[in-house]
Amino acid sequence: MRLADVRVEQRNRVVVASVEGEIDLSNADELGTSLATQMTNDALGLAIDLSGVRYMDSAGIQVVYELRERLRNRGQKLRLVVPADCLVARTLELVNASETLGIVDTADAAVAALGSSEGVAQ
Amino acid sequence: MSADSEKNANPSAGKGHIFLGTGSDAPIEPAPEQLARVYRLNDPALLELPLDSLLDELLVRVKEILEVDTVAILLIDEEGEMLIARAAKGLEEEVELGVRIPIGGGFAGRIAAERMPIFIGDVDLADVLNPLLREKGIRSMLGVPLVAEAELLGVLHVGTLTPRTFTNDDAAMLQLAAGQVAPAIQRAALFEALETEHRRAVALQRSLLPERVPEIVGVPVAARYFPARDEVGGDWYDVIELAQGRVAIAIGDVVGHGVRAAALMGQLRTALRAYALEDYSPGQALERLDRLLQSIRGRGMATAAHATFDPDNGKLHFASAGHPPPLVIAPGEEPRLIETAPAAPLGALPYSTYTDDEITLAEGEIFVLYTDGLVEVRGEAIDAGFERLIETVRGAATPEQACRQLVRELVPREGAADDIAFVALQREPVTDKLLLRLPASPSVLVQVRRALRRWLRAYDVASEKVDFITLACGEACANAIEHAYSPATAFFELEAKASNGTFTFAVRDLGQWRPPRGENRGRGLTIMESVMDGVDVNSTSNGTEVLMRMGAPA
């Protein structure tokens, strides 16, 4: 069984990647690589929707940090979508990553924050 | 058209058929200088060669002895409709291109159809179907049928680039060569067919069964397959890891033997696996499998049983398609057969339905599926087989132990008359100590989490706490895996203990504790420390032990 699945869509020049399942040492790196290759040059940013993630360990958090760095170098931004009170939210809090990683609680909010002004107006 | 042109082209032989009959009545009176030639074709050493070398060597000799430019052997195909070029000299392309001549058509086809030697003194292009012969510019041809025990095997023919009248002696010599090679071809073909069928069947069978049973943390599983003494059959078993840590097992028995049964078995096993992975219930999966089997051309029949098991609550769903009843081995009790809803075998009746039964396995209980080869003995009532089965597995404490007892008592050493398969899984008993010893591979982490959650829930730990403990232990295990000396062979272990409301967790590896590298490992340690009430790291030259405590110190 695959531990996690990813669905990717473009909304207002924002790449929204919805992850479902669990993220740990066994799949974090390939997940990061897969997300990085989905980023087109004209995308303004990447929203990783972790609403469907039941578990994420420090290897997953590390990959998010690395992705953020990689995108920053290309002038693109990253937002994490994490509903309050889920295990992932609490895990991020344990390592003080909630604030630094810019967490929002819905994909719409992430698209609005990352998207072009036309996109926001819609 | 060919008959006329042939007549014209063959002035010396009237109707174009040559002087000889089909075989033994051909008079061979070799002149002294012929003796050596005869011997070269009759050479007993030729018969020791494998078929390809024999054909090769014989053609070389025929070409030299008859002083011809081309020589070729075409063999009849399995359907008996076409001649296929098998070996050639001076005409090698014929084999490379896989030239096929219909029986009855062209030069070679007519020899095969009439089982008579044919000589063409001056080849008319209309006579020849094979474009290669035309391209080569062959002028004269002589061919004889290859016959063994009245069975037509093919055609042997020679040709020359300059016009030539083949003599009786030439024809006799060619017949001699044909007579020499025909039995060898027949033997080789028979042997090849048998050998290939058996080898293919065995190889197929092997490739179609699981290479090994997956190791699933917290769900002990074991299985065995034994081919029948003489033939491969259509038995199969399967163990399938489903979403959320659930596990499916399946067993089946295709009616019949040999390659066909094995091939159908492979199709059914794969299809059932696919349905199981799509989250169909056992009954739904069997129903789909039945419809699939009905749609397969030249379909067969099969019995099958299929179960899905959720180790979190012990619930087991199963369905059966005319298969022998499952067996449950409970600790300290008499093993019992589970009644299944009566249902037709797969492929037996249109619109069969298969219903799901649900049972809950108690801790320690083992659920066994098997094929009838295990209980059926010819000339014996089936009840005796079931009694023997129950007797055999009594007292088995694990699936592996149950399998061993079955192998020892019920599988004949010399092989059984029918093939035998069985597969067993267990709801693992919860004890106050959980000990997992696992290969240092990241892929086991998810299984560690599932086993740990299950263990903690058995102690009624609140779900939020279960999540955090799992997270902290997951970090410690990930650390151990990353620090393993040699990932291919190394192991690590997690030991969890419960005592008076306090839980302790020890994660041990055989590598050196490395100070946290970068922020990543630092975060892992941070997680452990914030979740647990105590974290100690003991590093020795033999390895590292991370000790964690949740609750008051013991």
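Letters go in sequence order (proteins before strands), and every chain restarts at 1. Because the structure is a prediction, the values reported are computed rather than measured.
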Item to complete: State whether the number of non-hydrogen atoms from other residues, nucleotides or ligands found under 6.0 Å of A:Arg7 atom CZ is greater than 12.
Response: no
Worksheet item: Do other residues, nucleotides or ligands put more than 12 heavy atoms under 6.0 Å from the CD atom of B:Gln447?
Response: yes
Worksheet entry | A:Asn73, CG atom: more than 12 neighbouring heavy atoms under 6.0 Å | yes
Item to complete: List the steps, then state whether side chain to side chain contact (heavy atoms under 4.5 Å, CB included) holds for A:Ser58 with B:Ile527.
Response: CA-CA 8 Å; A:Ser58 63; B:Ile527 288 172; 4.3 Å; yes
Response to the item:
The reported gap from CG in A:Leu94 to CZ in B:Phe468 (rounded to nearest 0.5 angstrom) is 5.0 Å
Item to complete: Quickly, which of B:Pro442, B:Cys477, B:Ser443 forms a side-chain contact (heavy atoms from CB on, under 4.5 Å) with A:Leu25? Name it, please.
Response: B:Pro442
Practice prompt. Look up atom CD in A:Glu22 and atom CZ in B:Arg450, then write down how far apart they are to the nearest 0.5 Å.
Written response: 6.0 Å
Discussion item. Please find the pair of heavy atoms, one from A:Ile61 and one from B:Arg523, that lie closest to each other, and give the distance.
Written reply: CG2-CD, 3.9 Å
Practice prompt. Answer yes or no: are there more than 12 heavy-atom neighbours, outside A:Glu99 itself, under 6.0 Å from its atom CD?
Written response: no
Worksheet item: Can you say whether B:Val444 sits under 4.5 Å from chain A via the side chain, the backbone, both, or neither, judging by heavy atoms?
Response: neither
Worksheet item: Has B:Glu529 got more than 12 heavy atoms of other residues, nucleotides or ligands less than 6.0 Å from its CD?
Response: yes
Item to complete: Mind ranking B:Val531, B:Ile240, B:Asp467 by heavy-atom pairs under 4.5 Å with chain A and telling me who comes out on top?
Response: B:Asp467
Practice prompt. List the steps and the verdict of side chain to side chain contact (heavy atoms under 4.5 Å, CB included) for A:Arg54 and B:Arg449.
Written response: CA-CA 12 Å; A:Arg54 297 183 300 275; B:Arg449 295 197 291 275; over 6 Å; no
Discussion item. Rounded to the nearest 0.5 Å, what separates atom CD1 in B:Ile481 from atom CG in A:Asp24?
Written reply: 8.5 Å
Worksheet entry | Distance in Å, A:Asp57 CG paired with B:Leu471 CG, rounded so as to fall on 0.5 Å steps | 7.5 Å
